[in-house]
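One structure below.
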Amino acid sequence: MGTIARVAAMRRRRLSLFALTLLVGLGLSSWVTRTPAVRDALEASTAQMGLILFDLSVGSMVGVTAAGSLVRRWGARPVVIAGTLAILVGTAVVGLSAAGTSTAGAFAGLLAFGLGGGLGEIGLNIEGAAVERETDRPVLPVLHGSFSLGTVLGALAGIALTNVAFPPSWHLLVVALVMSGLAMWALPGLPAGTGRAPVTAAADGRPRKSGPSVWRDRRLILIGAVVLAMAFAEGAANDWLPLLMVDGHGVSATSGSLVYAGFAAAMTVGRFAGGPIVVRFGRAPVLRTSAVLAIIGIVIVILSPSPVLAGAAVALWGLGASLGFPVAISAAGDDPERASERVSAVATSGYLAFLVGPPLLGFLGEHAGLRAAMFVVVALLVVAAFAAGAARARPGEERVVVADPPLRS
């Protein structure tokens, strides 16, 4: 393949990754913004809605925990395809369920969406880390920024359609159609074989056993701690920020939603701007600074007597949390031999923290108050700030990442 063809193929691959990640954010935020309307259409009780929402988390956790081994066996492409199809089907089923008032259908649709999201997210992170290794160019910050952009676009559309009382069933079906178009364009741009573990034979001809657990690497444990803390900080804002502003600072529900929109916007800006910053300063300083920014923002939100100051500090929270996950995943993928396994392990710990951790804050907040519960997030971010040095490459493995390097042969 000539140089021009390789450059074109890599550009197509990167754009496909961004489109598929945007698709996940678009579908998720479209559902979230129409949750009240879907509840009313289903005539579901609060307990029934709790079970439906829990089903989304269950599907996500199953997908996240299964994705790594599936990628090592089949490669990232089929896992991403399966995950994307599950997201599309899940979104459409939820829309049809709202039209047909089927609680069981909504349950099945969100289970499929969560499963697809878990599979796809791990596969896309492994694929993105592989592109970084092949191009020596930051990709993961923009990849995660595409998800944030998708959530912003989906939320804005959902708010607008809610204001004009557009039926949630038709909204979700239209979103599923739009996502299908994105998927049809993007999926063919992914190559086969990324992340698949080669099958080697031992001297007796039997398949060679896999090596020791990647978690025996102290450096990877520290990177995993960074991802866990950053994902927890992001998930805590997604789950609790509007309620934190309403109950903790006495603002209106509309103002609480606007503050959350500001957090999502700060996350999006931070991720799209993050690539050049990582190139200029390096991964470890960026991660350490990100953790400190998030700590400052959260502490101000917790302690400030002014709701205006607390709302403004959310921008620091969002900017600080924006680069932690993608930059740490990039660091985990440095190892050329077991990169997919390392990325899968670290990403899985991050997504589990994102999904499971924030709900636990609700139990603590019930007894100590939601503002006080956020000190748990601060404590984890302090650990991340000290562990950030692990994101540096090992001696002899330094990679010079430039703004727009030529592709490797």
Side-chain angles (χ1 to χ4, degrees), residues 20-21 23-36 38-39 41-42 44-71 78-98 102-126 147 150-151 154 168 172 175-176 179 224 227-228 231-232 234-240 243 325 344-366:
L20 290 168
T21 311
L23 179 154
V24 180
L26 179 63
L28 180 62
S29 60
S30 297
W31 149 252
V32 168
T33 56
R34 302 312 303 269
T35 301
V38 172
R39 177 200 60 197
L42 296 174
S45 66
T46 301
Q48 287 174 319
M49 285 303 295
L51 287 174
I52 290 173
L53 293 172
F54 180 70
D55 199 40
L56 178 66
S57 296
V58 169
S60 298
M61 286 187 284
V62 171
V64 164
T65 53
S69 60
L70 293 175
V71 170
V79 173
V80 171
I81 290 174
T84 302
L85 291 177
I87 289 171
L88 298 177
V89 171
T91 303
V93 168
V94 173
L96 292 172
S97 300
S102 171
T103 303
F107 189 91
L110 284 180
L111 179 65
F113 189 104
L115 179 64
L119 290 172
E121 290 287 349
I122 298 298
L124 289 168
N125 274 286
I126 291 174
F147 173 83
T151 62
L172 293 176
V175 169
M179 293 193 301
V227 169
L228 187 148
F232 196 96
E234 181 182 352
N238 286 336
D239 282 14
W240 295 112
L243 192 59
F325 203 132
S344 173
V346 171
T348 298
S349 69
Y351 281 114
L352 289 178
F354 182 88
L355 293 167
V356 179
L360 298 179
L361 291 175
F363 295 102
L364 180 60
E366 182 70 21

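The structure presented is a predicted model; accordingly, all values stated were derived computationally and were not measured. In what follows, residues are counted from 1 in the order of the sequence shown.
- Between G118 and A67, the closest heavy-atom pair is O-CB, 4.2 Å.
- Taking both residues in full, the closest heavy atoms of V38 and P168 are given as CG2-CB, 4.0 Å, listed atom of the first, atom of the second, then distance.
- Side-chain contact between L28 and F147 is present, with at least one heavy-atom pair separated by less than 4.5 Å.
- Atoms CD1 and OG1, on I122 and T65 in that order, are 9.0 Å from each other to the nearest 0.5 Å.
- Annotation: side chain of M179 is in contact with side chain of L26 (closest heavy-atom distance under 4.5 Å).
- Among all heavy-atom pairs drawn from V227 and G350, the shortest one is CG1-CA, 3.4 Å.
- Of all heavy-atom pairs between A106 and S97, the closest is N-OG, 3.1 Å.
- Residues G90 and A112 share a closest heavy-atom pair of CA-CB, 4.0 Å.
- Using a 4.5 Å cut-off on side-chain heavy atoms (C-beta onward), V93 and F113 make no contact.
- For the atom pair CZ of F107 and CG of L56, the computed distance is 11.0 Å after rounding to the nearest 0.5 Å.
- When each of L85, T84, T91 is checked for a side-chain contact (heavy atoms from CB on, under 4.5 Å) with I87, only T91 meets the rule.
- When all heavy atoms are compared, the tightest approach of G116 to A86 is CA-CB, 3.6 Å.
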